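First up is the structure itself, then whatever we jot down about it.
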Amino acid sequence: MAAKTAITPTRAQDYPEWYQQVIAEAGMAENSSVRGCMVIKPWGYALWENMQRVLDRMFKDTGHQNAYFPLFIPMSYLEKEAKHVEGFAKECAVVTHHRLEPDGEGGLRPAGPLEEPLIVRPTSETIIGATYAKWVRSYRDLPILINQWANVVRWEMRTRLFLRTAEFLWQEGHTVHATADEAMAETRQMLDVYATFAEEYMAMPVVKGEKTPGERFPGAVMTLSIEAMMQDGKALQAGTSHFLGQNFSRAQEIKFQDQNGEVAYAWTTSWGVSTRLIGALIMTHSDDDGLVLPPKLAPTHAVILPIYRDESQRAEVLAYCEALKADLKKQMYDDGAVRVDIDDRDLRGGEKKWYHVKRGVPLRIEVGPKDIANNSVFVGRRDTNESQGIGRDDLVAKIVGLLDEIQTNLFNRALALRTSRTQEIANEAEFRKYFAGNPGFAICWFSSEEEVQPLLDELKVTIRCMPIESAGGEGVCFLTGKPTSQRAIFAKAY
RNA sequence: CGGGGUGUAGCGCAGUCUGGCUAGCGCAUCUGGUUUGGGACCAGAGGGUCGUAGGUUCGAAUCCUAUCACCCCGACCA
């Protein structure tokens with residue numbers, strides 16, 4: 001008999017549907033009445049706020065400041081960088097009017113056409129670059145290290161909650177430097193920041209690598225990304241950091257006088273992560289009972305579930321829970337106090353328990369009259385779904401260690417999955433066989449993107465990145481047999 | 001934009017082919033009761049312009065016309 005799972009279908013039965021159900025059951029987000037746009041509900045938004053808080057601190061620790069630029073971008077700005085236009089034009093929302101008037105049939109119609117249409121930012125390189133052009137005069141004005149937290153709009157054909165929505169929240173860093181080396185160092189530094197965040201906070205192992213020309217950000221000279229493996233073996237790009245060279249500074253006239261008095265174009269970078277990270281988190285850790293959150297990002301670390309039969313017990317149990325909560329909150333975990341809630345809603349015990357299981361709360365602490373008599377509590381771990389009794393004071397002393405253990409366990413579990421589903425592939429026959437099955441990451445030598453592209457299109461496989469760690473060396477292209485120094489991860493992707 | 005499909009209660013659906021009592025069912029919600037260390041049970045209740053507009057008919061969720069929206073598969077993509 002199969003155990004009953006909180007989520008139907010299970011991952012094995014229907015992975016995409018399972019994903020949607022996890023989000024719905026955890027109360028993270030839902031589709032809105034606006035096509036392709038989601039409503040992020042409190043539990044999902046609290047998670048995003050925790051991600052923001054940690055990332056924001058990391059950005060500031062690396063010398064960046066926050067600022068804010070307009071939502072609207074004059075259409076002509078986008079036209080300045082040819083490849084950039086090509087990449088984004090098809091998915092731009094365009095504002096053409098600034099006023100509504102009655103249409104005579106009880107409705108409204110746009111009036112007051114704009115002289116120049118505005119686009120809703122799909123990314124802000126152009127508007128920020130235009131601003132930087134005014135700010136930069138001398139080498140003394142550099143570097144500019146700015147990040148903005150914002151929403152952007154990309155009119156996608158097909159959307160999925162968190163993974164691809166028409167509007168999403170993100171941060172975009174935009175920096176300007178005097179030299180190529182400095183800009184490249186910045187590009188790499190921010191990739192490292194993302195990788196550290198993914199691995200240490202999201203407990204999600206990632207591969208740092210360089211994108212092939214075909215997968216680059218439109219207008220970039222080099223795009224670096226972190227790639228993660230989801231539980232179905234597909235890859236998800238979780239963050240990107242772009243070295244833009246002088247492409248944007250030439251298009252937008254970001255020029256400065258150097259120490260020798262000569263005018264030079266600046267070197268720029270941009271880097272971003274989005275609410276897509278929430279999708280990555282869900283697909284990395286969650287199980288057939290719903291969401292599983294890494295403690296460092298969980299809005300609630302532990303929830304106390306009081307158990308009682310009647311009013312007289314209620315008062316006693318709640319008093320005990322309040323005292324326990326107060327003691328737990330004195331414990332420091334990561335960058336703050338342990339986050340504890342008491343769920344005293346008028347619901348049945350089982351219902352309440354499963355509510356928190358589905359929301360991924362790392363620890364459930366059940367407290368009933370019997371436990372109080374023994375001065376012990378019953379603790380359930382979300383990552384292993386094991387529960388056991390533990391002395392009340394013992395829990396207070398050990399809760400931080402327990403949270404650390406869960407965090408580590410989640411990372412190790414995800415890493416083990418990735419390792420078990422990563423394989424070197426040496427020739428076309430193997431490659432075809434691998435991707436006809438239940439694939440993960442295939443590591444292959446390849447001679448050129450152009451030469452392998454037809455096969456990739458046929459098999460619906462993409463080149464994720466050329467891993468930085470394993471760069472160097474010589475091999476033989478899996479398809480053409482030509483000698484090559486390029487090696488990449490190939491995978492099906494989101 | 002090409003191909004396919006669907007619009008009926010908060011959610012999921014039946015009914016439409018073959019027009020006919022007051023439009024049903026499950027879940028959810030509310031009330032009362034019995035329960036309570038685990039997603040309860042019994043009884044009752046509330047909730048609908050059948051996507052929209054027009055037409056045919058004694059009578060339309062059902063037939064006809066138009067229209068809108070959404071979903072799936074492509075193309076596109078953080």
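Every value quoted in this text rests on a predicted model; they were computed, and no experiment measured them. The chains referred to below are lettered A, B, ... by the order of the sequence lines, with proteins before strands, and numbering in each begins at 1.
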Original post:
Roughly how far apart, to the nearest Å, are B:C50 and B:G7 at atom P?
Top reply: 15 Å
Original post:
B:U62 and B:A14: how far apart are their C1' atoms, nearest whole angstrom?
Top reply: 14 Å
Original post:
With a 4.0 Å cut-off on heavy atoms, is A:Lys352 in touch with a base, just the backbone sugar-phosphate, or nothing at all?
Top reply: nothing
Original post:
If you find the nucleotide of RNA chain B closest to A:Asn31 and the one closest to A:Ile372, which residue's nucleotide is nearer the 5' end?
Top reply: A:Ile372
**OP:** Scan A:Thr187, A:Asp192, A:Val193 and name whichever one has a side-chain contact (heavy atoms from CB on, under 4.5 Å) with A:Met190.
**Re:** A:Val193
Original post:
Which residue, A:Glu167 or A:Pro306, contacts RNA chain B at a nucleotide closer to its 5' end, judged by nearest heavy atom?
Top reply: A:Pro306
Extract all donor-acceptor atom pairs below 3.5 Å that involve side chains of residues 39-47 of chain A and protein atoms in other chains or at least two apart in sequence.
residue : atom : partner  : partner atom : Å
A:Lys41 : NZ   : A:Glu30  : OE1          : 3.4
A:Trp43 : NE1  : A:Arg359 : O            : 2.9

Original post:
What interatomic distance, in whole Å, is found between P of B:C68 and the corresponding atom of B:G19?
Top reply: 30 Å
Original post:
A:Gln20 has an atom CD; how far is it from atom P of B:C71, in whole Å?
Top reply: 11 Å
Original post:
What's the CG-C1' distance between A:Asp371 and B:G37, to the nearest Å?
Top reply: 8 Å
**OP:** Quick one: label A:Lys460 by what it contacts on the DNA or RNA (base, sugar-phosphate, nothing), any heavy atom closer than 4.0 Å.
**Re:** sugar-phosphate
Original post:
Could A:Arg11 and A:Asp288 be called an ion pair, given the rule that one side-chain N must be under 4.0 Å from one carboxylate O?
Top reply: yes
Original post:
How close or far is atom C1' of B:A28 from atom CG of A:Leu347, stated in whole angstroms?
Top reply: 13 Å
